[in-house]
Structure formats: C-alpha cells, structure tokens
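Lettering of chains follows the sequences in order, A, B, ..., and the numbering in each one begins at 1.
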Number of protein chains: 2
Amino acid sequence: MSTVFPKPTHDHGRCVDDAMAEAERACREGGARLTPQRRQVLAIVLESHQPIGAYDVLARMNAAGGRTAPITVYRALDFLMTQGLVHRLASRIAFIACSLPDRHETGGGGGQNAQGDGAQFLICGDCGTVAEMTDRRIETAIRERARTAGFIVSAPVVEVEGTCPNCAGASDG
Amino acid sequence: MSTVFPKPTHDHGRCVDDAMAEAERACREGGARLTPQRRQVLAIVLESHQPIGAYDVLARMNAAGGRTAPITVYRALDFLMTQGLVHRLASRIAFIACSLPDRHETGGGGGQNAQGDGAQFLICGDCGTVAEMTDRRIETAIRERARTAGFIVSAPVVEVEGTCPNCAGASDG
DNA sequence: CAACAATTTGTTATGTTGTAACATTTACGC
DNA sequence: GCGTAAATGTTACAACATAACAAATTGTTG
Ligand SMILES: [Zn+2]
Ligand SMILES: [Zn+2]
Ligand SMILES: [Zn+2]
Ligand SMILES: [Zn+2]
C-alpha cells in the first residue's frame, strides 16, 4: 500500500526539520518572505499531523506570556496557505501543514490553493491524524462528473472522515 | 447531460411544494415529528437553491418581529440533517436543502448523514447555486484510494467550487 | 381524565472562529 | 538617508455555534 499516513514511529523531529527547510527554500525561490512570526506559526502547525485551530496556534504563541492577537495568526496562516505550506480543513475548521508542498503551485502561479489545490485529505476521527494525497483518479472522477453537469471546476474540496490504519489496527487487532 | 443543476426557469413553487410534501411523508413514515417550527426552517432553507447561513434563517424567522434564538434554528437544522432533509456545506459554513432525500438513509438507520451521507456538491462561486449528486464513480474512487491507505471511510465530504452552466453561459456565450 | 415520561421549545448567557479599520514598524530599492 | 511597500500591532467587532436549565408540549398509560 502506498504510505500516505505518517507512521507513529516515524522520526518526527526530522520530519519537521525537513518540512521547515523545504519551506525556507520554496519561499526564497518564490521571493516570499518567511518571517520569524510566519516561521513560528508554521512550526506550530507542523508540530503534529493533526489539524490545529487558529486559536490553538494563538495559545501556543502566547504560552510564554506573549500578547499576540488573533488577526496576526490568521495573517500568517493566510500567507502560508498562499504558499501552499498549510491547508485549511473546512470540515474541521482547522489547519494542517502540507505534506506535499512541491505538488502545489505557489501563490505567484496560476491558482489560489487555499482550499487544498486539488489535494484530498483522509482524517481519522479517532486520533485526528490527517493524510494528504493527490489522487488523479478521484480528481478525474470529480472533474468528469462536473463536466457532464456543465460545471467548470475551480477548487474541489475532498475531506474524508474515517478511521486510520493505526486506530483500526488497535481496535480490531 | 444529466440534469443536476436546477434551471433558472424551473417551477420553483412546485419544486418547494413537492419537497415539503416529500419531507412530511418521510417524517411521518419514520416516526419523526416535523413540527411547525421545523417545517418553517425547512421552508426557509428550501426557498432558494443557494446555501443559507443559520443566522440568515434566523433573520427570516424574526422578520415579522419574532424573538427566536439562534439555538432554536440550530436545533431545527440538526433535526432536519438527521432526517437527511438538509445538508451542511462545510466549505461555506451554510446549509442547503437536500434535493435527493430518498437517496439518504434517515436517522433511525445506520449512519449519521449530517455531512451529506455520500452526496457530492457542486457550488457555483458566481451565483451560489448548488447541485447535489450521488456519483458512484467519485465515491468508489475515494473509497478505493482510502483502502490502499488502510483507511476506513465513514463520511466523505466532497464540495466542489466552480462555475455553474448558467453562469458560464452568461459570460462566454 | 389524571399522572407521568419523553420530546420539544424558551431563555439567558457564553464560547469559538474570523475580520475591519487604522496606526506603527520593518524591510527593500534607490 | 529616503520613499515605498510589506508586515505587524492595536482595538474593536462580526459571524457562527453551544451550554445549562426552565417551561411547555406531546404521547402514554391506568
Ligand atoms: Zn512527522
Ligand atoms: Zn487514527
Ligand atoms: Zn427549485
Ligand atoms: Zn452560477
């Protein structure tokens, strides 16, 4: 099986470091400014593979006595979404770090990828872990069905609730 | 092309009446109580083929000087969603009347269909009109891809933003 | 009908998510 | 340095949703 779900045993420290490095590179290349604050927000969102609410991000930023305002977090998240580094999960009203940043066109390019830019998400209802994927067949099925309805697709939102392999294995052996 | 989008010329009065009658029947059959208030909320949601916010429903209920509270609307909407008569569009934070009520299992049965119960939605970014459909191929593509990831699907959310045939025709002839 | 239980509705207050508007600071090109 | 654009700070508010408990309504049963 293709491995979309992060294994609980994976080296998450390295996972985060790699993602941060990739983000730095992508922003530098695209002429976007990954400021310390934006970097901090990205780091917080990267911290786990579960979606996190904007106000939870805020709480972590202010954990050490800061006085950051909500709008600051939203602005950083907007920036990160434009760069394709973070996605918003509408069904959870929360944000998740992109795990396939090189598969999205960044803000300067063609489309606005705030809603996932063609990615699909599997969201575990038990542990909250999210798997991001870009499945051609799903996308094609949606686009073709839309076409028969005379509908021109711009931003497909596919967010699938269910049970991840780790949680399924834990309950039914 | 299969006709999923409501045509601007369709007899909407009858469209609403039929849906109300079908709702009455479905509730009676399932032993659910479609009270006057719930009927009123359903009527408001049915009024157009665009998603409507809970507070907009509230405003219409209070238009004639009423003093209904938000919770009342949410309770009615919850009931209607349980009955499969209304769906919540997460990407819009709004509600839409079901246009295929007989395709969903109602509350008493197996699944909770609050998120659309396997339906997919095409949402026009121009006019807001929504088309609901239950496309087997989309569902299958999602389920099979999930399966290869070891993921057990419970509630797929598919909400596709784009341009409907009416709006597309208006701009490019 | 009377008494009771279950469902529905009312009332009040509060929690959660997201933005508007405008001032100030910081980074960048010249 | 200086002017401009981008980013951040500050305050206030809008929009979406639920908690907790009281009252009324409905259905059931003797
Ligand atoms: Zn990781
Ligand atoms: Zn899980
Ligand atoms: Zn109609
Ligand atoms: Zn349209």
Checklist entry - Do any N or O atoms from the side chain of A:Asp11 and from the backbone of A:Arg14 form a donor-acceptor pair under 3.5 angstrom? => result yes
Checklist outcome for this item: By ring pair (Phe, Tyr, Trp, His ring centres under 6.0 Å), B:Phe151 pairs with (sequence neighbours left out) A:Phe5
Next on the checklist: If you apply the rule salt bridge (Lys or Arg N to Asp or Glu O under 4.0 Å), what do you find for B:Arg147 with B:Glu144, and how did you get there?
Outcome noted: CA-CA 5 Å; B:Arg147 223 166 63 81; B:Glu144 295 204 352; over 6 Å; no
Next on the checklist: Test of understanding: with side-chain contact (heavy atoms from CB on, under 4.5 Å), list the residues that count as partners of B:Ile93, not counting sequence neighbours.
Outcome noted: B:Arg88
Next on the checklist: What is the first contacted nucleotide of DNA chain D and what is the last, in 5' to 3' order, if contact means an atom lying under 4.0 angstrom from a heavy atom of chain B?
Outcome noted: D:dC16 to D:dT26
Checklist outcome for this item: Between A:Pro6 and A:Asn166 the two heavy atoms that sit nearest each other are O-ND2, 3.9 Å
Item to check | Any B:His49 side-chain heavy atom under 4.5 Å of B:His12 side chain | outcome: yes
Item to check | Closest-nucleotide 5' rank along DNA chain D - winner of A:Ala32 and A:Ala69 | outcome: A:Ala32
Checklist entry - With sequence neighbours left out, what residues match A:Arg39 under side-chain contact (heavy atoms from CB on, under 4.5 Å)? => result A:Met20, A:Glu24, A:Leu34, A:Pro36
Next on the checklist: For nucleotides 17-23 of chain C, give me one character per nucleotide, 5' to 3': B if any protein heavy atom sits under 4.0 Å from the base, S if the only such contacts are to the sugar-phosphate, - if neither.
Outcome noted: BBB----
Atom pairs under 3.5 Å: protein N/O with N/O of nucleotides 25-30 of chain C:
residue	atom	partner	partner atom	Å
C:dA27	O4'	A:Arg33	NH2	3.3

Item to check | B:Arg25 atom CZ, over 12 foreign heavy atoms within 6.0 Å | outcome: yes
Checklist entry - Would you call A:Glu161-A:Arg92 a salt bridge at under 4.0 Å N-O? => result yes
Next on the checklist: Applying side-chain contact (heavy atoms from CB on, under 4.5 Å), can you list everything that pairs with B:Arg67, at least two apart in sequence or on another chain?
Outcome noted: none
Checklist outcome for this item: Taking five pairs at each terminus, the helix from C:dC1-D:dG30 to C:dC30-D:dG1 shows an axis bend, to 10°, of 30°
Checklist entry - Tell me, which pairs form a ring pair (Phe, Tyr, Trp, His ring centres under 6.0 Å) where one or both residues lie in residues 58-86 of chain B, sequence neighbours left out? => result none
Checklist outcome for this item: Nearest heavy-atom contact between A:Thr163 and A:Cys124 is CA-SG, 4.1 Å
Checklist outcome for this item: What residues 36-47 of chain A contributes to the DNA chain D interface at heavy-atom separation below 4.0 Å is A:Gln37, A:Arg38
Item to check | Passing candidate, side chain to side chain contact (heavy atoms under 4.5 Å, CB included) with B:Pro51, options B:Asp56, B:Leu89, B:Thr129 | outcome: B:Leu89
Next on the checklist: A:Ser48: which residues meet the side-chain contact (heavy atoms from CB on, under 4.5 Å) condition with it, sequence neighbours left out?
Outcome noted: A:Gln50
Checklist outcome for this item: Taken in chain and number order and not counting sequence neighbours, the residues that satisfy side-chain hydrogen bond (donor to acceptor under 3.5 Å, both in side chains) with B:Thr72 are none
